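Before any comments, here is the structure.
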Amino acid sequence: MKVKNLHSWQVSPEKAREIQEKLRNKVVLKSSFKSISKIGFIAGCDVGYDEKKGRAYGSVVLLTFPELKLVEKKGAMEASERIFPYLPGLLTFREGPVLIAALRKLEKSPDIIIFDGQGIAHPVRFGLATHMGLLLGFPTIGCAKSILYGHYEEPVNLKGAYTFLKDEEGELIGTVLRTKKNVKPVFVSQGYRIDLDQALDIILTCCRREKIPEPLRLAHLETVQAL
DNA sequence: GCGACAG
DNA sequence: ATCTTGTCGC
């Protein structure tokens, strides 16, 4: 897929926060889909690390939707020295570069992309999925395995059960979704150009037998395979 | 000052 | 993310 010119990634943590503040106002949350039945292809991204070998691998898989059949998988390797440190709230600066390198290799463009991290459920409403969506100009969803920001109540122990994630002012920033019975829920939030209810619907549709939505699960496996 | 803190 | 043993349930 084609990717436009991006801003610099080689910045200080302070500069990174300035970039987030500067771009957060450009975020569009209104869905670009009248219905998710319009989605034909969905992509999932993940990054894996191997400190011993000193490298990281970003992988992307493209699946049909809602059948979830694999049609493409691409990846990109990056040396540890060139990777931004992990700092809560600045994950995009660590994983964004290698993920974009992998995304550019996709021959076909997805209709929507899922990221292993938060969307607007972030201190400045600009998590990995939101930031990537704005830069790429594509609809995105954030699906994290743990919380970064906000408060919530545990959803009941049934697949499909969910509660709302809210910020300090009680404003809705995402949902806590149980994608499988007897497992911890995942944190789903709007990334870019997608409604929260559609994001929930899409994530649930991507969860067949496993807890992690298929696009992210397969991308993760590729990451393990490559490192 | 003391926790919390995506991956 | 990664480290790290056994263990509970489908």
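So you know, we letter chains A, B, ... as the sequences are listed, proteins then strands, and number each from 1. Values in this document were obtained by computation on a predicted structure and should not be read as measured data. Only heavy atoms go into these numbers, but all of them, side chains included; no hydrogens, no water, no symmetry mates.
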Output field: ring centroids A:Y162/A:F164 closer than 6.0 Å: yes
Separation of B:dC5 C1' from A:R94 CZ (nearest whole Å): 14 Å
Parallel, tilted or perpendicular: ring planes of A:H7 versus A:H131, cut at 30 and 60 degrees: tilted
Sugar-phosphate only, base, or nothing, as touched by A:I83 at under 4.0 Å among non-hydrogen atoms: nothing
Sugar-phosphate, base or nothing in reach of A:G89, heavy atoms under 4.0 Å: base
Residue met sooner reading DNA chain C from 5', once A:T223 and A:R209 are mapped to nucleotides: A:T223
Whole-Å gap separating C1' (B:dA4) and CD (A:E168): 11 Å
Gap between atoms NZ and P, on A:K211 and C:dC10 respectively (whole Å): 18 Å
Cationic tip of A:K108 above A:F41 ring, under 6.0 Å, 45° of axis: yes
Side chain of A:H220 - closest among B:dA6, B:dC5, C:dA1: C:dA1
Touch class at under 4.0 angstrom, heavy-atom based, for A:Q118 against every strand present: base
Selection from B:dG7, B:dC5, C:dC10 that lies nearest to any side-chain heavy atom of A:P88: B:dC5
Nucleotide C:dT2, atom P - distance to CZ of A:R55 in whole Å: 13 Å
Sugar-phosphate only, base, or nothing, as touched by A:D50 at under 4.0 Å among non-hydrogen atoms: nothing
Cation over ring face, A:R94 and A:Y49, 6.0 Å, 45°: yes
Nearest-angstrom distance from the residue atom CG of A:N182 to P of C:dC10: 7 Å
Sugar-phosphate, base or nothing in reach of A:Y49, heavy atoms under 4.0 Å: sugar-phosphate
Parallel, tilted or perpendicular, as decided by the 30° and 60° cut-offs, for the rings of A:W9 and A:F93: perpendicular
Below 4.0 Å: OP1/OP2 of B:dG7 and any side-chain N or O of A:S146: yes
Sugar-phosphate only, base, or nothing, as touched by A:L87 at under 4.0 Å among non-hydrogen atoms: nothing
Under 4.0 angstrom between A:K145 side-chain N/O and C:dA1 OP1 or OP2: yes
Atom-to-atom span, CG of A:L148 to P of B:dG3 - whole angstrom: 20 Å
Aromatic-base stack, A:Y149 on B:dA6, cutoff 5.5 Å, angle under 30: no
Whole-Å gap separating C1' (C:dA1) and CD (A:E95): 8 Å
Nearest-angstrom distance from the residue atom CG of A:L128 to P of C:dA1: 13 Å
